[in-house]
Amino acid sequence: MKSIKISLSMAENVKKFVNIVGKYPYDLDLKSGRFVIDAKSLLGIFSLDLSKPVVLDIHSDKCDDLIKELTPYAVK
């Protein structure tokens, strides 16, 4: 499992993010505080506090292609 911090501060970014992660077969979770939701769920993402970065947990070790595609949303 790998984790990265991402920022989804604009609604358009959330839509693009869901389109990207929806292409991958493995499970993906977004964490904000004590809340964990399915990263492929548009409504679930909007239930989180998106004013600060959230953590994306990728339940696969072979996910370099996904991480590369999510670079515009990554927080360093």
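Heads up: numbering here begins at 1 and tracks the sequence. Quantities reported herein were computed from a predicted structural model and do not represent experimental measurements. The basis for the numbers below is simple: all heavy atoms, side chains too, and nothing from hydrogens, waters or symmetry mates.
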Inset, instruction - Any chance you could measure Ile20, atom CD1, to Tyr73, atom OH, to the nearest 0.5 Å? - result: 4.5 Å
Legend entry - Leu28 side chain near Leu66 side chain, heavy-atom distance below 4.5 Å: yes
Inset, instruction - Kindly state each residue pair satisfying salt bridge (charged side-chain N to carboxylate O under 4.0 Å, His left out) with at least one member in residues 20-30, sequence neighbours excluded. - result: Lys23-Glu69
Inset, instruction - List for me each residue that meets side chain to side chain donor-acceptor pair (under 3.5 Å) alongside Lys68, sequence neighbours excluded, and say none if there are none. - result: none
Legend entry - Sequence-distant partners of Asp61, side chain to side chain donor-acceptor pair (under 3.5 Å), two or more places apart: none
List the atom pairs, with distances to 0.1 Å, where a side-chain N or O of residues 1-13 and a protein N or O form a donor-acceptor pair under 3.5 Å, not counting sequence neighbours.
from : atom 1 : to    : atom 2 : distance (Å)
Lys2 : NZ     : Asp64 : OD1    : 3.2
Ser3 : OG     : Asp57 : OD1    : 2.5

Inset, instruction - Among residues two or more places apart or on two chains, list those pairs meeting side-chain hydrogen bond (donor to acceptor under 3.5 Å, both in side chains) that have a residue in residues 32-45. - result: none
Legend entry - Lys52: salt bridge (charged side-chain N to carboxylate O under 4.0 Å, His left out) partners, not counting sequence neighbours: Asp49
Inset, instruction - Locate the shortest heavy-atom distance separating Val21 from Ala39; write the atom from each residue and the value. - result: CG2-O, 3.5 Å
Legend entry - Same apolar cluster (I L V M F W Y, side chains within < 4.5 Å links), Leu30/Leu42: yes
Legend entry - Spatial distance of atom CG (Leu48) from atom CD1 (Ile45) [nearest 0.5 Å]: 7.5 Å
Inset, instruction - Could you list all the ring-ring contact (aromatic ring centres under 6.0 Å, His included) pairs where at least one residue sits in residues 26-69, not counting sequence neighbours? - result: Tyr24-Tyr26
Legend entry - Single-linkage hydrophobic cluster, 4.5 Å side-chain cutoff, Leu70 and Val18 together: yes
Legend entry - Hydrophobic cluster identity match, Val75 and Leu50, side-chain contacts under 4.5 Å: no
